[in-house]
> 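Got a structure here, written out as structure tokens. Questions coming.
These numbers come from the heavy atoms of this one structure, side chains and all, not from hydrogens, waters or symmetry mates.
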Amino acid sequence: MLSSRRPLLFLLANALILLLWAWLYRPIYPYLGVIFTRQEFRLNQIVLILVFAVILYQMRRQRFRPRPFAPPQLYLPALLLALGASLVFLLAERFLDINTLSATLFGLATYGLIGLWLNPERWRRGLPAALLLVGALPFGEHMDTFIGYPVRLATARLVSAGLGHLGVPSLGVDTILVFENGISQVDNPCSGVKSLWTGGLFFIAATWIEARPLNRRWLLTGLTFVLLLLSANLARVFILVLVGQAAGWRLLAQMLHVPLGVIGFVVACAIAWRMLAWVGAQSNPEESQAPAAPAPRPAWLAPALLAAIFSMTLIYAPKPQSSAAAAAPDWSFPPELQTQPWELSDAEHGWLYGNEPRDSVRAARWRFQYRQLSGSILFVASDTWRAHHRPERCFTVYGLQIQQSQPIFAAPDFPLRWLTLGISGDKPLYSAAYWLQSADRLTEDYAARIWDDLTPQPQPWVLVTVLFDAPLDPGHPALPDLFQQIRLTVQAGLEAR
């Protein structure tokens with residue numbers, strides 16, 4: 001009788017493990033829901049569907065049958081991946097609060113958990129598919145934010161040093177960053193660090209198609225591929241800055257941008273594809289004369305796994321939100337800048353605040369009149385970067401399209417992002433500008449704002465967005481004075497907190 005009940009006990013234990021696992025990773029489900037429903041992630045949705053379809057096809061082709069009545073097996077690589085990625089997930093949620101990183105760890109840990117019931121050889125062969133599935137998450141923008149900023153900074157320093165050796169010492173790092181950010185839009189796949197995401201998908205897909213094993217040679221090939229992509233981007237930026245900024249041939253630099261990016265990316269991919277042959281081929285367990293011994297299935301593993309997952313659910317703690325923003329800054333505009341408060345609607349409040357606590361975000365809006373300029377000003381003050389959305393997304397919510405986006409300087413130390421807004425291909429309807437400002441720093445780079453939040457002592461920032469009632473030329477003579485007045489207002493409000 002006990003023997004007949006053992007399968008039911010194993011089924012119950014497996015169900016409890018899955019339920020606890022689902023409960024542990026519950027904080028990322030809203031983020032995954034956004035990825036699967038929002039229009040801006042359409043490309044990621046298509047990639048995910050294609051990868052899912054191929055995985056299901058492979059499972060059907062290989063006659064894969066789940067074994068819900070089997071106890072978990074003691075396969076160390078899978079067990080270490082499941083528990084190790086889960087522990088890193090707890091640390092990431094506690095100290096970083098980066099959704100894409102948490103979703104990545106969820107995918108890797110879940111594949112590790114699956115390996116406790118899957119044939120070890122089949123689990124190793126399916127690892128590229130799992131990596132491809134995880135890689136279909138929206139890494140492009142986040143890589144450009146979290147990894148791209150330090151890489152762009154290092155690239156700008158190398159380019160500045162290289163130009164100095166050529167006798168062009170006047171181009172500083174900030175000048176190169178703003179110029180390159182303007183000449184190459186961040187939504188192009190060849191624009192710097194985003195090529196790492198595209199190249200990573202290519203490399204993992206090639207590994208899967210070519211059935212290459214994930215060994216040290218594969219890792220060395222991948223690292224070489226990363227260096228090739230970064231070197232190609234370094235050469236691209238160097239040529240663009242040399243031609244467009246140093247020589248003053250900006251139109252030629254714009255014409256060269258796409259060809260240089262595509263050529264560098266294609267050459268790096270071709271070299272990586274050829275290097276994969278050096279990795280070797282995976283062994284086919286069906287052709288092996290001596291099949292590997294099955295992994296042991298000790299009786300203590302299921303209870304230990306339940307205890308470990310349950311303990312992690314108990315110690316889970318999200319990153320604490322700072323309450324320093326509870327005191328609203330006192331915004332006092334100069335008399336020459338005529339302003340009138342303009343209350344935000346409930347829908348606008350919901351979009352701006354999102355899931356953030358109301359006491360961690362302070363948003364205020366005004367109508368303004370300055371000389372012959374008129375429009376609206378929006379301040380969003382917060383101690384957390386998650387409350388600061390890109391204004392481009394806000395404008396698309398209202399049906400406006402970004403017809404042009406470029407960084408400009410209102411002063412030598414005052415970079416900002418200039419936008420031209422319209423509907424489809426019609427003529428421009430509005431112009432807008434935005435920047436991010438703290439007590440001692442000002443930038444138009446969203447990544448710089450996020451990296452400041454990862455420092456031991458982050459400081460409050462204000463996202464400033466100015467929307468004009470009509471399209472304007474960024475060289476309008478009244479704009480620098482207007483932006484300077486707003487900058488001083490924000491500075492005074494931050495210093496008075």
> Going by side-chain hydrogen bond (donor to acceptor under 3.5 Å, both in side chains), name the residues that satisfy it together with Thr221, two or more places apart in sequence or in a different chain.
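side-chain hydrogen bond (donor to acceptor under 3.5 Å, both in side chains) list for Thr221, sorted by chain: empty.
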> Please name all residues satisfying side-chain contact (heavy atoms from CB on, under 4.5 Å) with Val88, sequence neighbours left out, ordered by chain then number.
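Testing Val88 for side-chain contact (heavy atoms from CB on, under 4.5 Å), a comparison that skips the adjacent residues, returns Leu105.
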> Taking only residues two or more places apart in sequence, or in another chain, which ones meet Ala129 in a side-chain contact (heavy atoms from CB on, under 4.5 Å)?
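Only Ile55, Trp208 meet the side-chain contact (heavy atoms from CB on, under 4.5 Å) criterion with Ala129.
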> When rounded to the nearest 0.5 angstrom, what is the spacing between CG in Leu83 and CG in Leu113?
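If we round to the nearest 0.5 Å, Leu83:CG and Leu113:CG are 8.5 Å apart.
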> Would you compute the distance between atom CG of Leu305 and atom CG of Leu116 and round it to the nearest 0.5 angstrom?
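Going from CG on Leu305 over to CG on Leu116, the span is 6.0 Å.
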> Would you say Asn14's side chain and Ala70's backbone share a donor-acceptor pair under 3.5 angstrom?
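Present.
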> Can you sort out the partners of Thr443 under side-chain hydrogen bond (donor to acceptor under 3.5 Å, both in side chains), two or more places apart, ordered by chain and number?
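For Thr443 there are no side-chain hydrogen bond (donor to acceptor under 3.5 Å, both in side chains) partners, ignoring immediate neighbours.
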> In Å, rounded to the nearest 0.5 Å, how long is the span from CD1 of Ile315 to CG of Leu24?
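One finds 9.0 Å between CD1 of Ile315 and CG of Leu24.
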> With Trp21, which residues qualify under side-chain hydrogen bond (donor to acceptor under 3.5 Å, both in side chains), at least two apart?
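Trp21 satisfies side-chain hydrogen bond (donor to acceptor under 3.5 Å, both in side chains) with Thr110 only.
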> Set out, in order, the CA-CA distance, both residues' side-chain angles and the distance that settles side chain to side chain contact (heavy atoms under 4.5 Å, CB included) for Leu436 and Leu442, then state yes or no.
CA-CA 6 Å; Leu436 291 143; Leu442 191 148; over 6 Å; no
> Treating Arg26 as the side-chain partner and Trp23 as the backbone partner, does any N or O pair qualify as donor plus acceptor under 3.5 Å?
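Side chain of Arg26 to backbone of Trp23, a donor-acceptor pair under 3.5 Å: yes, one is there.
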> Scan for side chain to side chain donor-acceptor pair (under 3.5 Å) pairs involving residues 76-89, sequence neighbours excluded, and state none if there are none.
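Side chain to side chain donor-acceptor pair (under 3.5 Å) check on residues 76-89 returns Tyr25-Ser86.
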> For Leu20, what residues pass the side-chain contact (heavy atoms from CB on, under 4.5 Å) criterion, not counting sequence neighbours?
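Leu20 satisfies side-chain contact (heavy atoms from CB on, under 4.5 Å) with Leu306, Ile309, Phe310 only.
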> Who passes ring-ring contact (aromatic ring centres under 6.0 Å, His included) against Phe203, sequence neighbours left out?
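Expected list: Trp218, Phe225.
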> Return the set of residues passing ring-ring contact (aromatic ring centres under 6.0 Å, His included) with Trp123 (not counting sequence neighbours), or none when no residue passes.
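Once residues adjacent in sequence are excluded, the partners of Trp123 under the ring-ring contact (aromatic ring centres under 6.0 Å, His included) criterion are Tyr75, Tyr111.
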> Identify, with sequence neighbours excluded, every residue that meets side-chain hydrogen bond (donor to acceptor under 3.5 Å, both in side chains) alongside Glu93.
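Once residues adjacent in sequence are excluded, the partners of Glu93 under the side-chain hydrogen bond (donor to acceptor under 3.5 Å, both in side chains) criterion are Ser102, Tyr316.
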> Test your reading of the model: is there a side-chain donor-acceptor pair from Tyr434 to the backbone of Leu419, 3.5 Å cut-off?
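No.
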> Can you name the nearest heavy-atom pair linking Thr207 to Pro128, along with the distance?
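Minimum heavy-atom contact is CG2-CG, 4.2 Å.
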> Would you compute the distance between atom CZ of Arg212 and atom CZ of Arg125 and round it to the nearest 0.5 angstrom?
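If I round to the nearest 0.5 Å, the distance is 12.0 Å.
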> So, Ser382 versus Arg362: side-chain donor-acceptor pair below 3.5 Å or not?
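Ser382 vs Arg362: no donor-acceptor pair found between side chains.
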> Are the side chains of Leu421 and Ile402 in touch, meaning some heavy atoms are under 4.5 Å apart?
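Side-chain contact under 4.5 Å: yes.
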> Could you tell me whether a side-chain N or O of Arg297 sits under 3.5 Å from a main-chain N or O of Pro71, the two making a donor and an acceptor?
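Answer holds: yes.
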> Just how far is it from atom CG of Leu131 to atom CG of Leu108, taken to the nearest 0.5 Å?
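Going from CG on Leu131 over to CG on Leu108, the span is 6.5 Å.
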> Return the minimal non-hydrogen interatomic distance between Ala268 and Leu228, and the atom names on each side.
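Smallest heavy-atom distance, with atoms named: CB-CB, 3.9 Å.
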> Of the non-hydrogen atoms in Thr465 and Pro391, which two are nearest, and what is the gap between them?
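It is OG1-CG, 3.6 Å.
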> Has Arg217 got a side-chain atom pairing as donor or acceptor with Trp278's backbone, closer than 3.5 angstrom?
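Judged by distance alone, yes, a pair lies under 3.5 Å.
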> Output, in order, the C-alpha distance, side-chain angles, deciding distance and verdict of side chain to side chain contact (heavy atoms under 4.5 Å, CB included) for Leu214 and Arg124.
CA-CA 8 Å; Leu214 304 186; Arg124 288 193 296 268; over 6 Å; no
> Where is the tightest heavy-atom contact between Ala433 and Leu416, given as atom of each residue plus distance?
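Reported closest heavy-atom pair: CB-CD1, 3.9 Å.
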> Give the minimum heavy-atom separation between Pro30 and Pro27, together with the two atoms involved.
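Heavy atoms only, the tightest pair is CD-O, 3.5 Å.
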> Report yes or no: does Gln73 contribute a side-chain atom to a donor-acceptor pair with the main-chain N or O of Gly115 at less than 3.5 Å?
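A pair under 3.5 Å: yes.
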> Checking side-chain polar atoms at under 3.5 Å, does Asn233 have a donor or acceptor matched by the opposite partner on Ser231?
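No - no donor-acceptor pair under 3.5 Å links their side chains.
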> Looking at residues at least two apart in the chain, or sitting in another chain, which of them share a side-chain contact (heavy atoms from CB on, under 4.5 Å) with Ala206?
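side-chain contact (heavy atoms from CB on, under 4.5 Å) check on Ala206 returns Trp273, Leu276.
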> Under a 3.5 Å threshold, yes or no: a donor from one side chain and an acceptor from the other, between Gln459 and Trp461?
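Trp461 and Gln459 do not have a side-chain donor-acceptor pair below 3.5 Å.
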> First locate atom OG of Ser405, then atom CD of Glu444, and finally report the distance between them rounded to the nearest 0.5 Å.
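It is 8.0 Å, given to the nearest 0.5 Å.
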> Using every non-hydrogen atom in the two residues, find where Pro460 and Leu494 come nearest and quote the distance to one decimal.
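So the two residues come closest at O-CD2, 4.4 Å.
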> What's the verdict on side chain to side chain contact (heavy atoms under 4.5 Å, CB included) for Val226 and Leu230, showing C-alpha distance, side-chain angles and the deciding distance?
CA-CA 6 Å; Val226 171; Leu230 294 178; 4.0 Å; yes
> Given the rule in the side chain to side chain contact (heavy atoms under 4.5 Å, CB included) test, do Thr224 and Ile271 qualify, once you have shown the distances and angles that lead to the verdict?
CA-CA 9 Å; Thr224 304; Ile271 295 174; 5.8 Å; no
